[in-house]
Amino acid sequence: MVTKFENKVYELCKKVPKGKITSYKEIGDKIGIKGYRAVGMALNKNPFAPIVPCHRVCGSDGNLVGFASGLKKKAELLRKEGIKIKNNKIENFNSVLYKF
DNA sequence: GCTTTGACTCTCG
DNA sequence: TCGAGAGCCAAAG
């Protein structure tokens, strides 16, 4: 069972195009909540593992925060998408950041 | 049903 | 610039 809150998070995640990323802050702000932690929780469950690109969601400063499979894996995936990662952080964060 | 915890972010010293 | 504290939200115990 997926709550409406989680569904919103997943829908927004799917909106992020390939080669772009978003932040928990953007999602939370779009949904209309200030508890960005809840957003991370929804992604941590991620019942739609391959469908929802949860690895395209990073911190507000473009730094890689928490990932169920490990930050290293996350960095690899992002690098594959064409996003530059430097020391667990997005290099051109401002350029790849997708705003809703 | 209240308390604890967590993939967060902001502010202050 | 860095570390600590506070605020917010939802799920799990």
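Remember, it's a predicted structure, so these values are computed and weren't measured experimentally. These values consider heavy atoms only, across backbone and side chains, with no hydrogens, waters or symmetry-generated copies. Every chain is numbered from 1 and lettered A, B, ... according to where its sequence line falls, protein lines coming before strand lines.
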Interatomic distance where [atom1] belongs to [X] and [atom2] belongs to [N] [whole Å]:
X	N	atom1	atom2	answer
Lys89(A)	dA7(B)	NZ	C1'	17 Å
Tyr24(A)	dC8(C)	OH	C1'	16 Å
Met41(A)	dC8(C)	CE	P	17 Å
Asp61(A)	dG3(C)	CG	C1'	15 Å
Lys25(A)	dC8(C)	NZ	C1'	13 Å
Asp29(A)	dC10(B)	CG	P	10 Å
Asn44(A)	dT5(B)	CG	P	16 Å
Lys74(A)	dA7(B)	NZ	C1'	6 Å

For DNA chain B, find the residues of residues 5-20 of chain A with a heavy-atom distance under 4.0 Å and give them by number; none if there aren't any.
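Close to the strand, none.
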Phe48(A) side, atom CZ; Asn7(A) side, atom CG - distance, nearest 0.5 Å
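Phe48(A) CZ to Asn7(A) CG: 6.5 Å, rounded to 0.5 Å.
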Got a second to check how far Met1(A)'s CE is from Glu6(A)'s CD, nearest 0.5 Å?
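Between Met1(A) CE and Glu6(A) CD, I get 8.5 Å after rounding to 0.5 Å.
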Give a yes or no on whether the backbone of Val2(A) and the side-chain of Tyr10(A) come within a donor-acceptor separation of less than 3.5 Å.
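No.
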For the side chain of Tyr36(A), counting heavy atoms from C-beta on, which of dA7(B), dC8(C), dT9(B) is nearest?
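Closest nucleotide to the Tyr36(A) side chain: dT9(B).
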OP1 or OP2 of dA10(C) sitting under 4.0 Å from any side-chain N/O of Thr3(A)?
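Negative; the distance criterion is not met.
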Just distance, no hydrogens or angles: give the donor-acceptor pairs under 3.5 Å from side chains in residues 64-81 of chain A, sequence neighbours left out.
from     : atom 1 : to       : atom 2 : distance (Å)
Lys74(A) : NZ     : Val57(A) : O      : 2.5
Arg79(A) : NH2    : Ile85(A) : O      : 2.9
Glu81(A) : OE1    : Arg56(A) : NE     : 3.0
Glu81(A) : OE1    : Arg56(A) : NH2    : 2.8
Glu81(A) : OE2    : Arg56(A) : NH2    : 3.4

Show which side-chain atoms of residues 18-27 of chain A pair as donor or acceptor with protein atoms under 3.5 Å away, not counting sequence neighbours.
from     : atom 1 : to       : atom 2 : distance (Å)
Lys20(A) : NZ     : Ser95(A) : O      : 3.1
Ser23(A) : OG     : Glu26(A) : N      : 3.2

Side chain proximity check, Ser60(A) to Tyr36(A), heavy atoms < 4.5 angstrom
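Of all side-chain heavy-atom pairs linking Tyr36(A) with Ser60(A), none is under 4.5 Å.
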